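Below is one structure, written out as structure tokens; the observations come after it.
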Amino acid sequence: MKIVIGSDHGGYELKEQIKSYLLEKNIQLDDLGTHTKDSVDYPDYGKKVGKAVVSGHYDFGIVLCGTGIGISIAANKVKGVRAALVYDETTARLAREHNNANIIALGGRTTTREKAISIIETFMNSTFEERHQTRLDKIKTIEGNE
Ligand code: RB5
């Protein structure tokens, strides 16, 4: 299992907490920043993580900003990214089962450490249901990828 993670300043603190948890579990993790609490622009980190995920080197990505909204919008502009903003275990499970999300987005100012960990565990323990593939193929068509 290899995960890539990135955030702006609004998601920095939660990113660090998630990182500690995953590293304790011996999960391989690349942190693409930000590395301080200084103000940065979330599109830069959404793009970085999005590109890393579509490169095929990771099982999935995690992006964070204050709400998770801006950075999920940014990551979804990278061709091949299916970033899902998830706030609870149900949306985390469905993001995998129905949407085969390859990135989950979390809000650093809206999600506790405990909830974030539970969301990530739920996502990791869920699997894509093939019956939804036709819809994902249609999303690819929107990207001009067919
Ligand atoms: C930054 O203040 C904040 O706008 C950002 O972290 C995020 O919540 C945007 O969607």
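When a ligand or atom number is given, it counts from 1 through the structure's own listing order. Predicted model, so just to flag it, every value in this text is computed and none were measured. Numbering of residues begins at 1 and proceeds along the displayed sequence.
Salt bridge status for Glu121 with Lys25: present, with a side-chain N to carboxylate O gap under 4.0 Å.
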What pairs of donor and acceptor atoms, side-chain ones from residues 57-74 against any protein atom, are under 3.5 angstrom apart with sequence neighbours left out?
residue : atom : partner : partner atom : Å
His57   : ND1  : Ser55   : OG           : 2.9
Tyr58   : OH   : Asp30   : OD2          : 2.5
Asp59   : OD2  : Lys2    : N            : 2.6
Thr67   : OG1  : Ile69   : N            : 3.0
Ser72   : OG   : Gly68   : O            : 2.9
Ser72   : OG   : Ile69   : O            : 2.8

Enumerate donor-acceptor pairs with a distance under 3.5 Å from any side-chain N or O in residues 35-46 to protein atoms, sequence neighbours excluded.
residue : atom : partner : partner atom : Å
Thr36   : OG1  : Asp38   : N            : 3.1

With side-chain contact (heavy atoms from CB on, under 4.5 Å) as the test, would you mind laying out the steps for Ser7 and Thr34 before giving the verdict? CA-CA 6 Å; Ser7 76; Thr34 185; 4.0 Å; yes
Step by step, would you call Asp137 with Thr134 a side chain to side chain donor-acceptor pair (under 3.5 Å)? CA-CA 5 Å; Asp137 292 342; Thr134 310; 5.3 Å; no
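Residue pairs satisfying the ring-ring contact (aromatic ring centres under 6.0 Å, His included) criterion with at least one member in residues 70-109, sequence neighbours excluded, are listed as follows: His98-His132.
Within 4.0 Å of ligand 1, contacts by protein heavy atoms are made from Asp8, His9, Tyr42, Cys65, Gly66, Thr67, Gly70, Arg109.
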